[in-house]
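Treat the numbers as computed from the prediction; the structure is a model and nothing was measured.
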Amino acid sequence: MILVIDALNKHRFGGILDEMYKLRARVFRDRMGWDVLVRNGREIDLFDQLDPAYLVALDGAYNVVGCNRMLQTTGPHMLSDVFQDILCGEPPLRSATVWENTRFCIDTERLKRPDADRTVSYAACELMAGIAEYAYDSGISDVISVVDPAMDRILKRCDNAPYGYLGKTVQMGKTKALAALSDITEERIARIRAFAGITGDIFLDDDMVADAIAERAPLAMPMALRDYCDAQIAEATNETEREAALALQRELAGMYRSQPSCDA
């Protein structure tokens with residue numbers, strides 16, 4: 001399910017945004033090797049200060065399992081201010097009805113656990129459908145997605161192929177980056193849904209999510225302990241150390257979830 005977080009409701013979902021930033025650090029710095037700024041295990045850049053819209057994929061327990069960020073192209077955005085090389089000297093597209101989609105990622109580690117309630121493929125398609133539906137409902141005509149070649153192939157496999165590209169493909173860390181164009185139509189939405197077997201409303205109600213988070217808040221792991229686990233993961237020097245740190249984090253999180261509340 002998809003939770004939309006923007007300037008109007010971000011004050012209600014600080015914990016979810018924090019999880020999202022940590023997921024982005026694990027994906028874009030650790031897995032993909034992109035040159036991104038990570039502080040205290042969280043990947044946050046200047047574009048996060050511009051009140052973008054985030055589409056955050058949550059599992060049945062309201063854990064973050066995916067996310068993306070959408071910005072208007074009328075102001076600063078990554079293609080115009082960071083990935084200029086892609087454009088080969090051409091001016092960036094700027095239109096109130098053309099938005100940029102970046103930082104699309106899925107928590108493959110969480111979704112591959114035995115207790116996961118959805119697959120990696122389904123979560124990715126649900127997030128793609130969410131992007132298209134959010135854009136359609138917002139009057140957005142086209143979306144520019146800055147992606148790597150692997151993500152471009154995934155878009156095509158999910159019957160969500162871009163209709164065109166801007167500029168050229170450039171090197172970005174361990175991989176490359178390119179700008180794909182997608183038109184936002186009912187047909188595109190229907191194709192994504194049909195491919196993944198998605199039915200019904202995929203968007204979560206703000207109040208429902210906020211209430212669920214509030215109910216579990218007294219059982220959450222203390223911030224100092226969470227930061228310690230995050231630091232151990234971030235400072236791991238090899239895959240064995242990283243897996244050990246992740247295992248410790250999961251075990252501690254499980255211990256706190258299993259504790260009775262003060263009102264029990």
Side-chain angles (χ1 to χ4, degrees), residues 1-27 40-45 47-72 99 101-107 109-111 113 115-118 122-138 140 198-227 229-230 249-250 252-264:
M1 300 298 287
I2 307 298
L3 176 67
V4 178
I5 303 178
D6 57 21
L8 298 178
N9 67 353
K10 65 180 182 180
H11 63 283
R12 306 182 70 185
F13 301 113
I16 287 178
L17 287 173
D18 193 54
E19 281 190 61
M20 180 193 74
Y21 294 136
K22 289 189 284 188
L23 171 60
R24 282 171 32 175
R26 295 195 302 272
V27 171
N40 299 320
R42 296 156 177 85
E43 190 273 309
I44 304 174
D45 65 19
F47 300 102
D48 292 304
Q49 312 307 317
L50 302 178
D51 287 332
Y54 302 104
L55 274 67
V56 185
L58 304 177
D59 64 14
Y62 300 101
N63 298 302
V64 174
V65 294
C67 63
N68 80 292
R69 177 179 68 193
M70 299 190 71
L71 270 171
Q72 295 187 45
W99 283 40
N101 170 49
T102 57
R103 294 303 194 257
F104 183 106
C105 60
I106 300 295
D107 191 343
E109 292 180 351
R110 181 180 292 277
L111 291 171
R113 296 179 191 172
D115 60 344
D117 60 5
R118 64 206 63 202
Y122 186 89
C125 288
E126 188 176 58
L127 189 52
M128 291 179 202
I131 293 167
E133 292 184 27
Y134 171 83
Y136 185 83
D137 292 341
S138 302
I140 297 168
I198 298 170
T199 59
D201 188 3
I202 60 176
F203 290 99
L204 289 162
D205 177 74
D206 286 10
D207 291 336
M208 181 181 68
V209 177
D211 289 345
I213 293 172
E215 288 178 3
R216 73 178 187 179
L219 308 181
M221 192 189 309
M223 181 64 74
L225 198 51
R226 292 206 302 272
D227 286 345
C229 290
D230 292 340
Q249 182 187 58
R250 289 196 293 268
L252 289 171
M255 289 172 57
Y256 277 90
R257 282 197 297 269
S258 67
Q259 294 295 317
S261 69
C262 296
D263 296 328

Exercise for review: May I ask you to say whether R69 pairs ionically with D45, meaning some side-chain N is under 4.0 Å from a carboxylate O?
Suggested key: yes
Quiz item: Is it the case that more than 12 heavy atoms not belonging to Y136 sit under 6.0 Å from its OH atom?
Solution: no
Notebook entry, point to check: Would a 4.5 Å heavy-atom cut-off, applied to side chains only, mark E43 and Y21 as touching?
Noted result: no
Rounding to 0.5 Å, atoms CG (L55) and CG (L127) come to a distance of 6.5 Å
- Query: Does the N9 side chain pair with the main chain of V4, one donor and one acceptor, at a distance under 3.5 Å?
  - Reply: yes
D18 meets the side-chain hydrogen bond (donor to acceptor under 3.5 Å, both in side chains) criterion, sequence neighbours left out, with R42
Closest heavy-atom pair, I198 versus A129, reported as atoms and distance to 0.1 Å, is CD1-CB, 4.3 Å
Residue pair D207, R12: steps toward the side-chain contact (heavy atoms from CB on, under 4.5 Å) verdict: CA-CA 9 Å; D207 291 336; R12 306 182 70 185; 2.9 Å; yes
So CZ of F13 and CG of D206: to nearest 0.5 Å the spacing works out to 4.5 Å
Check for a donor-acceptor pair, side chain of D211 on one end and backbone N or O of M208 on the other, with a separation under 3.5 Å.
no
CZ (R110) and CG (N63) are apart, to the nearest 0.5 Å, by 4.0 Å
Flag side-chain contact, heavy atom, 4.5 Å: R103 against V27
no
dist R113:CZ -> D107:CG (nearest 0.5 Å) comes out at 7.0 Å
E126 and I202 have their tightest heavy-atom pair at O-CD1, 3.7 Å
Rounding to 0.5 Å, atoms CZ (R24) and OG1 (T102) come to a distance of 7.5 Å
Heavy atoms of M1 and D201 approach each other most closely as CE-O, 3.4 Å
Result for side-chain contact (heavy atoms from CB on, under 4.5 Å) between I2 and one of Y134, F203, Y54 points to F203
### Message
Looking at D117, I want to see if its CG is surrounded by more than 12 non-hydrogen atoms of other residues, nucleotides or ligands under 6.0 Å.
### Response
yes
Looking only at heavy atoms, the pair that brings A25 and G41 closest together is CB-O, 3.4 Å
### Task
Using the side-chain contact (heavy atoms from CB on, under 4.5 Å) rule, take D51 and K10 through it: C-alpha gap first, then chi angles, then the decisive distance, then the call.
CA-CA 9 Å; D51 287 332; K10 65 180 182 180; 2.8 Å; yes
Exactly one of V65, L23, L111 clears side-chain contact (heavy atoms from CB on, under 4.5 Å) with I106, and that residue is L111
Margin query: Do L17 and M20 make a side-chain contact, defined as non-hydrogen atoms from C-beta onward lying under 4.5 Å apart?
Written below: yes
Sub-3.5 Å donor-acceptor pair from the side chain of Q249 to the main-chain atoms of R226, do we have one? no
Rounded to the nearest 0.5 Å, the CG atom of N68 sits from the CD1 atom of I131 at a distance of 3.5 Å
